[in-house]
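I have placed the structure first, in the form of structure tokens, so that the comments after it can refer back to it.
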Amino acid sequence: MSAEQKSRKYLAFRTGREEFALPVANVREIIAGQQVTPLPATPDYVMGLINLRGRVMPVIDLGLRLAIPAVETRPGSRRALIVVIQAAAGAGSLVGAMVDEVSEVISIHDQDVEPVSGFSHGLIEPRFATAVARVRGSILVLLDVNRILARQEDGNGTGS
């Protein structure tokens with residue numbers, strides 16, 4: 001690989017039927033089986049709080065945050081994987097993001113990445129995505145951690 005062919009590491013995962021990826025630099029850990037304590041008067045995508053080794057952190061339903069339709073799961077199965085993310089790599093508060101399945105850590109080459117605006121023709125709102133990547137014949141949507149964690153008062157799904 002030449003010096004010009006740079007790659008970055010991402011955590012690939014699925015929520016609903018969609019495949020996404022987050023920069024590994026923003027992922028602290030993946031946990032399962034945590035009890036989430038609900039919080040009243042929060043946006044619908046905020047599931048509540050968890051206690052992770054003495055540290056209390058909020059948990060969001062990433063599918064709801066991204067407006068991804070839920071898929072019916074097999075009887076007895078449930079979403080229980082939480083990806084612990086940090087907005088600024090190495091600093092800042094931790095937030096848990098509930099996902100359906102974690103696939104793998106992958107290297108994505110810069111030449112396989114396209115900005116969302118480059119192909120959407122205005123049809124796709126790139127609010128949470130930074131780009132898309134072609135990986136082994138599939139398309140992964142690369143998410144922007146800062147946008148996912150930012151609270152926006154845009155009126156979508158909150159009344160009017």
Side-chain angles (χ1 to χ4, degrees), residues 7-39 42-53 55-90 92-116 119-120 123-152 156-157:
S7 66
R8 293 180 173 85
K9 293 202 178 291
Y10 289 86
L11 177 69
F13 61 91
R14 185 180 54 77
T15 186
R17 289 190 171 101
E18 309 299 326
E19 297 284 334
F20 297 97
L22 288 168
V24 167
N26 296 103
V27 176
R28 292 295 143 246
E29 62 184 294
I30 300 164
I31 56 176
Q34 286 285 320
Q35 178 67 35
V36 179
T37 303
L39 281 174
T42 57
D44 61 345
Y45 62 87
V46 176
M47 297 179 68
L49 301 171
I50 62 170
N51 180 353
L52 182 63
R53 295 182 296 280
R55 184 174 187 168
V56 176
M57 80 175 76
V59 175
I60 64 171
D61 182 317
L62 195 55
L64 284 177
R65 180 66 171 142
L66 300 174
I68 301 295
V71 295
E72 196 162 322
T73 57
R74 294 184 314 266
S77 68
R78 63 185 189 115
R79 295 171 58 183
L81 286 176
I82 298 172
V83 178
V84 179
I85 55 177
Q86 208 165 16
S93 299
L94 298 176
V95 174
M98 184 76 70
V99 301
D100 289 317
E101 180 182 324
V102 172
S103 305
E104 62 185 318
V105 173
I106 58 172
S107 292
I108 299 176
H109 300 285
D110 289 348
Q111 70 265 19
D112 293 330
V113 175
E114 291 184 43
V116 173
F119 67 86
S120 69
L123 299 174
I124 299 170
E125 181 185 342
R127 183 166 52 153
F128 300 119
T130 58
V132 295
R134 295 176 305 278
V135 179
R136 294 188 296 263
S138 296
I139 300 289
L140 279 179
V141 177
L142 306 183
L143 297 174
D144 184 318
V145 173
N146 294 318
R147 292 180 193 166
I148 291 169
L149 299 182
R151 173 134 187 215
Q152 287 187 289
N156 287 343

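Between E18 and V141 the shortest side-chain heavy-atom distance does not fall below 4.5 Å. At a threshold of 4.5 Å between non-hydrogen side-chain atoms, the residues F20 and V99 do not count as touching. Looking only at side-chain heavy atoms (C-beta outward), V135 and D112 stay at 4.5 Å or farther from each other. Using a 4.5 Å heavy-atom threshold, the side chains of R134 and I139 count as touching. Between L62 and V83, every side-chain heavy-atom pair lies at or beyond the 4.5 Å cut-off. The shortest side-chain heavy-atom distance between R8 and I108 does not fall under the 4.5 Å cut-off. No side-chain heavy atom of Y45 sits less than 4.5 Å from a side-chain heavy atom of I148. At a threshold of 4.5 Å between non-hydrogen side-chain atoms, the residues V27 and V105 do not count as touching.
We find the CZ-OG1 distance between R65 and T15 to be 13.5 Å, quoted to the nearest 0.5 Å. To the nearest 0.5 Å, atom CG of residue L66 and atom CD1 of residue I60 are 7.5 Å apart. In this structure, OG1 on T37 lies 10.0 Å from CD on Q34, to the nearest 0.5 angstrom. Separating the CE atom in M98 from the CD1 atom in I82 is a distance of 4.0 Å, to the nearest 0.5 Å.
Between M57 and G96, the closest heavy-atom pair is SD-N, 3.8 Å. Across all their heavy atoms, L22 and I85 have their closest contact at CD1-CG2, 3.7 Å. When all heavy atoms of A131 and V113 are compared, the closest pair comes out as CB-CG1, 3.5 Å. The heavy-atom pair separating G16 from D100 by the smallest distance is N-OD2, 2.5 Å. The nearest pair of heavy atoms linking S7 to H109 is CB-ND1, 3.5 Å.
When R136, K9, R14 are each tested for a salt bridge (Lys or Arg N to Asp or Glu O under 4.0 Å) with E104, only one passes: R136.
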Is there a side-chain contact (heavy atoms from CB on, under 4.5 Å) between Y10 and L140 once you walk through the steps? CA-CA 10 Å; Y10 289 86; L140 279 179; over 6 Å; no
Start with the C-alpha gap between L94 and L52, add the side-chain angles, then the distance that decides, and say whether side-chain contact (heavy atoms from CB on, under 4.5 Å) holds. CA-CA 10 Å; L94 298 176; L52 182 63; 5.5 Å; no
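For CD of Q35, the number of neighbouring non-hydrogen atoms (other residues, nucleotides, ligands) closer than 6.0 Å is 12 at most.
Of the charged side-chain nitrogens involved, none lies within less than 4.0 Å of a carboxylate oxygen, so that R127 and D144 do not count as a salt-bridged pair.
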